[in-house]
Q: 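Dropping the structure in here first, questions after.
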Amino acid sequence: MGRWDRAGGVAAYGAALALTPYLLIKVSWVVGSLLGLLPVGTGFGKVEWVVLNSATIGMAGIGIAVALALVRPWGMRIPGAPLAFCAWVGTGFLVPVLPYAVLSSLLGSADGNPKSGSDTGPSMPVWEAALVQIGFVGMGLGLAIALPTYLRRRWPDAFAGRLGDGGEGSPRMPPWMAVVGATVGLIWLYWAVGGSAGVAHRGERDLAWHLLSGVFGLWAFVASAATWAAVRGWPARVPRWSPMVLGWLGSGSLFAWSGWKLPFTLYLAVAQPADAALPENLALAAVLHLAAVGAGTAMLRALVRARLASSIS
């Protein structure tokens, strides 16, 4: 086993270990709310709160299983496509927001995504918030190290060579998903720098919302540019692994975060709770999230067709 494989193994075990407290915290929230020992989160009824946190329990469990699959021998034997999809979603959730997660931890933020409602507990003490942040950061860092070493072992030819080697196409016209992704990213960046068009509740905007809008907007542009380059095979001399990795992360961010935010946005639009609101217009937010999910999915398909179709089986 080489040095990178050993580092990947340590990172994979570390990722699974880091996310385990988050899983246990979410289980305690669900059990506590069902038994009446803990209040539900702001803006939720008991049923909505249990369903939401049960979903995050399942996601955390899948994340831990994926991390272990990247290092255990059975991870090389399970079907590649489902594992790659779960890893794509997991890295899309965590790796692109690592800088923000670290910054929010340093600033003492208890929630890496205040407006999502996904991890705002009924009463989150400092130690619990710290474990949640450690879980996210640890899982993101672990996947960022363990996943490439796994991919190199299982599909060694997937990222080899340069963009011009395969002659995929011409650089004249960008793929449609790159245009959609860049448009969504432009709107998010516009909000990040203070734009107010499409914002329904200006008082709900805070520093975290601006920073996250900027992060997601930048990754939407990165995904669009990387997918365009990978599909068109241009610039020809660029190493293939560079746009493939950036396209993987950016498209995963579009799919994972907008796929997670869309149901919450639709819930607010239908239920209209008095004590919960998003800054952006709900109809516009729903359209943007739908577009982001569609673009992210299409980008992954384009990346797979460009290089990985013969490798993942």
Side-chain angles (χ1 to χ4, degrees), residues 43 48 52 55-56 59 88-97 99-101 111-120 174-228 246-273 276-303:
E48 292 90 347
L52 175 67
T56 60
M59 292 166 63
W88 175 64
V89 174
T91 53
F93 260 126
L94 298 174
V95 177
V97 296
Y100 172 79
D111 183 13
N113 189 15
K115 301 301 179 185
S116 73
S118 62
D119 290 304
T120 302
W176 69 265
M177 75 288 294
V179 177
V180 173
T183 302
V184 171
L186 181 63
I187 295 174
W188 285 339
L189 287 175
Y190 167 75
W191 285 340
V193 299
S196 58
V199 175
H201 302 92
R202 299 187 182 186
E204 296 295 324
R205 297 184 296 180
D206 57 12
L207 179 60
W209 182 80
H210 284 285
L211 289 175
L212 286 170
S213 296
V215 167
F216 296 139
L218 286 173
W219 275 106
F221 271 103
V222 168
S224 299
T227 302
W228 182 3
L246 292 176
W248 172 284
L249 291 174
S251 62
S253 175
L254 283 168
F255 177 87
W257 279 105
S258 284
W260 175 248
K261 291 181 178 181
L262 180 60
F264 182 72
T265 301
L266 296 176
Y267 166 79
L268 292 181
V270 174
Q272 297 183 344
L278 293 177
E280 57 267 36
N281 176 276
L282 294 179
L284 177 58
V287 170
L288 289 177
H289 292 321
L290 278 172
V293 169
T297 304
M299 287 177 187
L300 177 64
R301 183 184 179 191
L303 293 171

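In this chain, numbering begins with 1 at the start of the sequence shown.
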Q: Show me, pair by pair, the donor-acceptor contacts under 3.5 angstrom made by side chains of residues 187-195, not counting sequence neighbours?
A:
residue : atom : partner : partner atom : Å
Tyr190  : OH   : Ser196  : N            : 3.4
Tyr190  : OH   : Ala197  : N            : 3.2
Trp191  : NE1  : Ala197  : O            : 2.8

Q: As a quick check of understanding, evaluate side chain to side chain contact (heavy atoms under 4.5 Å, CB included) for Phe216 and Leu254, giving each step before the final call.
A: CA-CA 8 Å; Phe216 296 139; Leu254 283 168; over 6 Å; no
Q: How far apart are the closest heavy atoms of Gly247 and Ala226, and which atoms are they?
A: N-CB, 3.5 Å
Q: Decide yes or no on side chain to side chain contact (heavy atoms under 4.5 Å, CB included) for Phe255 and Leu300, but give the supporting numbers first.
A: CA-CA 10 Å; Phe255 177 87; Leu300 177 64; over 6 Å; no
Q: What do the steps show when you test Trp257 against Val97 for side chain to side chain contact (heavy atoms under 4.5 Å, CB included), and what is the final call?
A: CA-CA 10 Å; Trp257 279 105; Val97 296; 4.0 Å; yes
Q: Give a yes or no on whether the backbone of Val179 and the side-chain of Thr183 come within a donor-acceptor separation of less than 3.5 Å.
A: yes
Q: Could you tell me which residues satisfy side chain to side chain donor-acceptor pair (under 3.5 Å) with Ser251, sequence neighbours excluded, listed by chain and number?
A: Trp88
Q: For Thr265, enumerate each residue passing the side chain to side chain donor-acceptor pair (under 3.5 Å) test, keeping only those at least two apart in sequence or located in another chain.
A: none
Q: Taking all atoms of both residues into account, what is the closest heavy-atom pair of Ala182 and Ser224, and its distance?
A: N-OG, 3.0 Å
Q: How long is the gap from CG on Leu212 to CG on Leu207, to the nearest 0.5 Å?
A: 9.5 Å
Q: Quick check: closest heavy atoms across Thr227 and Ala302, and the distance to 0.1 Å?
A: CG2-CB, 4.2 Å
Q: Could you tell me which residues satisfy side-chain contact (heavy atoms from CB on, under 4.5 Å) with Ala256, sequence neighbours excluded, listed by chain and number?
A: Val89, Phe93
Q: Return a table of donor-acceptor pairs under 3.5 angstrom between the side chains of residues 279-298 and protein atoms on other chains or two or more places apart.
A:
residue : atom : partner : partner atom : Å
Glu280  : OE1  : Trp209  : NE1          : 3.2
Asn281  : OD1  : Ala283  : N            : 3.0
Asn281  : OD1  : Leu284  : N            : 3.0
His289  : ND1  : Ser258  : OG           : 3.1
Thr297  : OG1  : Val293  : O            : 2.8

Q: I'd like to check the side-chain contact (heavy atoms from CB on, under 4.5 Å) partners of His210; sequence neighbours left out, ordered by chain and number.
A: Arg205
Q: Step by step, would you call Leu278 with Phe264 a side chain to side chain contact (heavy atoms under 4.5 Å, CB included)?
A: CA-CA 10 Å; Leu278 293 177; Phe264 182 72; 4.0 Å; yes
Q: Can you name the closest pair of heavy atoms from Leu246 and Trp219 and give their distance?
A: O-CZ3, 4.2 Å
Q: Can you tell if the side chain of Pro175 reaches within under 4.5 Å of the side chain of Met299, non-hydrogen atoms only?
A: no
